[in-house]
Structure formats: C-alpha cells, structure tokens
Amino acid sequence: MSLIESKWRARQTRCEDGIFYPSDEFAELCGAPDEGYRVDLRASLSVLLRSVPDGWTQLEENCSAQAGDFAVFAGSTVREGAGFIAVERRSTGRLLWLLHLAHSKPFVQISFDGSTIQAVAAEYPFRSEWQIPIEAPESVSVSQVHDR
C-alpha cells in the first residue's frame, strides 16, 4: 500500500495545496479560490518528504456523497481555513485521489452525479462553489466566489 493510501486510511494528508494520488505522486495547485487554480505536472511525493518530512495534517470529514462505484468525502483539517475532498472506489475501498487546499475554507456541502463533484467551501463571510470532474481532478474550477 502506498504512503498516500495509508495516510488516507488514517485520515491524514499532506499540508501543501495539491492533488495527491495513491501512486505516491502529487500535482501542486497554485492560486486561490477567488482567482482560480493552476495545476502543475505530477511529481513524486518524495520531493515533499525531503523538504518537509512531517508535513501531514489530520482530516475532519464534514460531508459525503455516493454515486455509482464512487464515494466522495469532504471537510476540513485541524489547520484553520483548510479543506479537502477525497474520492474512493466503493468496490475496492481504494483511494482514487485526494485534493487538499490550505486556504479554501472547509468543505461543508457536496454532491456528486457520477461524473462531476459539486462542492461548497464556506466559513463566514466567504463561500466558494467548486466543480471537479471525477476522472480529471486537474480540471478543478471555482465556479463562484462571493461573500455570504
């Protein structure tokens, strides 16, 4: 089992902004909810482990959804203002990917139609709405950001 997968089982993830894969690879996310994100190329997790070996944070699940063979989990971390979304295959219980954002605000609402995740990250006075294709999380987009 990969390190990312075993940390997910313990409900932990890296503290950096990125999409983390069970192949122990990650794609860094650069940007912010109000300006959108750019996704870097995939790199080995070993890059992060060399620079910040203890950079793990605990996940706190707030909501979940299921459709077809996928289960989606979302919430916050013990670090203020952070949020995550993780996708598992229901048939195997294996992680497909995990997205962590240090400044997205906690994810408090999630829906899933089998192909696209729609999520809301909110913490007074901010609210952002996200769309993430299940098979292409690199195409993450913030569809709306506004004050509540």
Side-chain angles (χ1 to χ4, degrees), residues 1-90 92-123 128-145:
M1 180 180 299
S2 72
L3 182 57
I4 291 294
E5 182 89 25
S6 65
K7 290 292 189 179
W8 164 243
R9 299 262 170 259
R11 292 307 191 250
Q12 295 180 348
T13 191
R14 291 294 302 180
C15 57
E16 295 87 1
D17 287 352
I19 303 168
F20 298 89
Y21 302 92
S23 60
D24 283 343
E25 294 177 307
F26 75 100
E28 183 180 13
L29 292 169
C30 302
D34 59 343
E35 62 188 44
Y37 287 91
R38 177 183 56 78
V39 181
D40 273 350
L41 298 175
R42 284 192 191 194
S44 173
L45 184 64
S46 63
V47 172
L48 297 177
L49 294 174
R50 276 193 302 271
S51 62
V52 185
D54 297 328
W56 299 95
T57 186
Q58 194 70 35
L59 300 172
E60 298 176 352
E61 185 181 322
N62 295 338
C63 49
S64 63
Q66 296 181 10
D69 191 32
F70 299 105
V72 181
F73 307 90
S76 61
T77 75
V78 295
R79 294 173 183 236
E80 186 176 339
F84 83 94
I85 296 174
V87 180
E88 280 185 350
R89 287 198 185 276
R90 293 173 63 202
T92 63
R94 303 286 312 266
L95 180 70
L96 187 62
W97 52 262
L98 186 148
L99 177 140
H100 175 263
L101 297 164
H103 304 290
S104 68
K105 305 302 180 198
F107 286 93
V108 296
Q109 183 180 350
I110 197 155
S111 63
F112 177 54
D113 64 9
S115 64
T116 303
I117 296 167
Q118 295 183 2
V120 173
E123 190 171 76
S128 57
E129 298 175 2
W130 302 74
Q131 292 191 357
I132 308 168
I134 191 86
E135 297 292 345
E138 299 86 0
S139 298
V140 60
S141 67
V142 181
S143 59
Q144 186 174 359
V145 177

Donor-acceptor contacts, no H, no angles, side chain residues 77-85, under 3.5 Å, sequence neighbours left out:
from  : atom 1 : to    : atom 2 : distance (Å)
Thr77 : OG1    : Arg79 : N      : 3.0
Thr77 : OG1    : Arg79 : O      : 3.3

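When all heavy atoms are compared, the tightest approach of Asp17 to His103 is OD1-N, 4.5 Å. Minimum interatomic distance between Ala67 and Gly114 (heavy atoms only, all atoms of both residues): CB-N, 3.7 Å. Scanning both residues, Arg14 and Leu45, for their nearest heavy atoms gives CG-CD1, 4.0 Å. Of all the heavy atoms in Phe26 and Ser44, the pair that sits closest is CE2-O, 3.4 Å. Summarising the geometry of Cys15 relative to Ala102, their closest heavy-atom pair is O-CB, 4.2 Å, with the distance given to 0.1 Å. Smallest separation of non-hydrogen atoms from Trp130 and Ser128: NE1-OG, 2.8 Å.
Note: Ser23 OG to Leu95 CG = 10.0 Å, rounded to the nearest 0.5 Å. Residue Gln66 holds its CD atom at 9.5 Å from CD of Glu88, rounded to the nearest 0.5 Å. Atoms CD and OG1, on Glu16 and Thr57 in that order, are 10.5 Å from each other to the nearest 0.5 Å. Distance check: Cys30 SG to Asp40 CG gives 4.5 Å after rounding to the nearest 0.5 Å. Once rounded to the nearest 0.5 Å, the distance linking OG1 of Thr116 with CD of Gln118 reads 7.0 Å. Rounding to the nearest 0.5 Å places NZ of Lys105 at 5.0 Å from CD of Glu123.
Of the residues listed (Phe73, Phe20, Trp56, Trp97), the one engaging Trp8 in a ring-ring contact (aromatic ring centres under 6.0 Å, His included) is Phe73, and it is the only one.
The salt bridge (charged side-chain N to carboxylate O under 4.0 Å, His left out) analysis of residues 18-30, with sequence neighbours excluded, yields the pairs Glu25-Arg42.
A salt bridge links Glu5 to Arg94: at least one charged side-chain nitrogen sits closer than 4.0 Å to a carboxylate oxygen.
Residues Val142 and Gln131 form no side-chain contact, since every pair of their non-hydrogen atoms from C-beta on lies 4.5 Å or further apart. Annotation: side chain of Leu98 is in contact with side chain of Leu59 (closest heavy-atom distance under 4.5 Å). Between Pro106 and Asn62, the closest side-chain pair of non-hydrogen atoms falls below 4.5 Å. Counting only heavy atoms from C-beta outward, the side chains of Val87 and Ile117 approach each other to under 4.5 Å. At a threshold of 4.5 Å between non-hydrogen side-chain atoms, the residues Leu96 and Phe70 count as touching.
No side-chain donor-acceptor contact under 3.5 Å links Gln58 and Arg11.
Applying the side chain to side chain contact (heavy atoms under 4.5 Å, CB included) test to Ser51 and every residue at least two apart in sequence or in another chain returns nothing.
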